[in-house]
Amino acid sequence: MDLLTSDLDQSFNFVIRNGFKLHPHFYNCTGVDGFELGTRRQYIGSYFLAVGCILLTIYIPCLIVISKSDLMKSSCYKIMVFLGILDICCILTNSVATGFLGIMGATFCSYPMFIYSMGSLGCGCWMGSCATCILLGINRCCDVNQHLRIRTIFIGRKMYFTIAVPVIYTLYSLLFTKPILFNSNYMSWFFNPMLPGHDATDYVNIAHTVNNCVVSMATTAIYAYLCILLFAKSKHFRSESISKTQTQIFFQSVLICSFNAIAAYIYVYMQFFYSPASVVLVGQLAWQCAHGSVCLIYITMNRTVRRGVIDLIVPRVIRDKTKIGTNRAVVARPILSVVGVDAKMMTTRTGTSSGTVF
């Protein structure tokens, strides 16, 4: 079968066009009991489910706070909000759905449509987050080295055309590539549903492999360049060559994107080499960390966001009694700096509202 035809027939696009029915050749579960093929994983499943719920509880308020604040005047945080939406979708797959399916001991044929749908969402948003993470790194490069000509793509209305690139790529990945499918025996997701009578080569996702190779190399190269640039400017930390805001947001961006690179490296390895169950589980945990670590960075390293979240979820009566959260004077301050330092540098240094990032 032609590779392009195979990709389309196994994609979510085919399911939508055919009344939400899976392809009868590639995903035929007739006579297959998915639960008999799986293994109930109550403990590790409970871990994934509990951690997923906790991460969503933290991440969603953080995203609301950022999207409603003056942080959105910065091109960096426009990208980060979109990245946050992708992260939440991935957490639903790699944590919440993973935990539930692991507890149930499910394989693909246990819940075909549910697993297929969550796999499409997870794979599409993972690939989209990789592209967004690279864009985030380029944005950081432009902020540290303002002589880069590519910096203009983050200025003014051009920013919306720029962010449209990862949006389109996400839609392509979700609708036109093969999904990942859960298997409780490994507590992870694979392109191969492991059905009798089918060859594993029928389910290889070339786009995903290329994506992971590119994000691994590009993320490493971008942040290696930034480290060298920051090191070269480190002698002038107290001068105007580089602001404290830029430095702190840089390290925050490195933490966010390094997890993406680690997960990508592991999954590239798993595509081409035999991987024992322990390595597969490490890859799954790395994928979870790639998306879940972002909200933990926000809530621990961002005083502004942390205070905003407290104001959002804690009733004012309790805040007044315990004196937690932010008061009106604090809220009224410019909060363009997500790390709680003087935000004015982010606009005056660049001369535009583009300001300063997976």
Side-chain angles (χ1 to χ4, degrees), residues 7-8 11-17 56 59-60 62-69 71-94 117-143 150-180 205-216 218-219 222 253 256-257 259-261 263-264 287 290-292 294-295 298 338 352-358:
D7 282 343
L8 289 175
S11 69
F12 199 64
N13 173 270
F14 175 90
V15 175
I16 294 174
R17 289 187 289 107
L56 291 176
Y59 211 144
I60 293 174
C62 287
L63 211 57
I64 293 173
V65 169
I66 293 174
S67 62
K68 289 185 176 181
S69 71
L71 295 170
M72 292 301 292
K73 293 180 180 179
S74 166
S75 62
C76 166
Y77 294 106
K78 289 183 177 72
I79 299 173
M80 293 181 96
V81 166
F82 177 63
L83 182 61
I85 295 171
L86 297 178
D87 284 339
I88 288 173
C89 293
C90 284
I91 290 171
L92 288 172
T93 297
N94 65 32
S117 300
M118 294 305 296
S120 295
L121 179 68
C123 185
C125 291
W126 158 255
M127 292 173 66
S129 71
C130 289
T132 308
C133 191
I134 292 174
L135 186 65
L136 195 63
I138 295 173
N139 182 273
R140 296 285 76 239
C141 290
C142 295
D143 186 56
I150 197 174
R151 178 177 171 272
T152 58
I153 68 173
F154 299 107
I155 297 176
R157 293 184 179 180
K158 292 180 182 178
M159 180 59 212
Y160 296 102
F161 292 99
T162 300
I163 206 168
V165 174
V167 171
I168 294 172
Y169 182 64
T170 300
L171 293 175
Y172 156 75
S173 304
L174 194 157
L175 295 173
F176 296 99
T177 67
K178 301 168 184 175
I180 48 176
N205 189 325
I206 300 299
H208 177 270
T209 302
V210 172
N211 173 89
N212 281 17
C213 290
V214 170
V215 74
S216 300
T219 303
I222 288 171
S253 303
I256 291 172
C257 290
F259 285 109
N260 271 46
W287 185 26
H291 303 284
V294 182
C295 64
Y298 285 153
V338 76
T352 69
S353 62
S354 65
T356 55
V357 174
F358 124 209

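- At distances below 3.5 Å, at least one donor-acceptor pair connects side-chain atoms of Thr162 with backbone N or O atoms of Ile153.
- With rounding to the nearest 0.5 angstrom, the CG atom of Asn205 is 9.5 Å from the CG atom of Asn212.
- Looking at every heavy atom in both residues, Ile150 comes nearest to Cys142 through CG2-SG, 3.4 Å.
- Ile79 approaches Ile163 most closely through the heavy-atom pair CA-CD1, 3.9 Å.
- Here the CG-OG distance, from Asn139 to Ser75, works out to 4.0 Å after rounding to the nearest 0.5 Å.
- Expressed to the nearest 0.5 Å, how far OG of Ser129 lies from CD1 of Ile85 amounts to 13.0 Å.
- In this structure, the side chain to side chain contact (heavy atoms under 4.5 Å, CB included) partners of Cys90, at least two apart in sequence or on a different chain, are Asn94, Cys125, Trp126, Trp287, His291.
- Judged by distance alone, with hydrogens and angles left aside, the side-chain atoms of Ser120 form no donor-acceptor pair with the main-chain N or O of Leu174 at under 3.5 Å.
- How far OG1 of Thr177 is from CE of Met127: 5.0 Å, rounded to the nearest 0.5 Å.
- Heavy-atom minimum distance, Leu135 versus Pro166: CD2-CG, 4.1 Å.
- Side-chain contact check for Met72 versus Val81: some heavy-atom pair is nearer than 4.5 Å.
- Side-chain contact between Asn211 and Tyr169 is present, with at least one heavy-atom pair separated by less than 4.5 Å.
- Atom CG in Asp7 sits 11.5 Å away from atom CG in Asn13 (nearest 0.5 Å).
- At distances below 3.5 Å, not a single donor-acceptor pair connects side-chain atoms of Lys178 with backbone N or O atoms of Ser11.
- Closest heavy-atom contact between Ile222 and Cys141: CG2-SG, 3.7 Å.
- For the atom pair Leu86 CG and Leu121 CG, the distance stands at 9.5 Å (nearest 0.5 Å).
- The backbone N or O of Ser216 lies less than 3.5 Å from no partner atom in the side chain of Thr219, so there is not a single donor-acceptor pair.
- Take Phe14 and apply the ring pair (Phe, Tyr, Trp, His ring centres under 6.0 Å) test, not counting sequence neighbours, and it matches His23.
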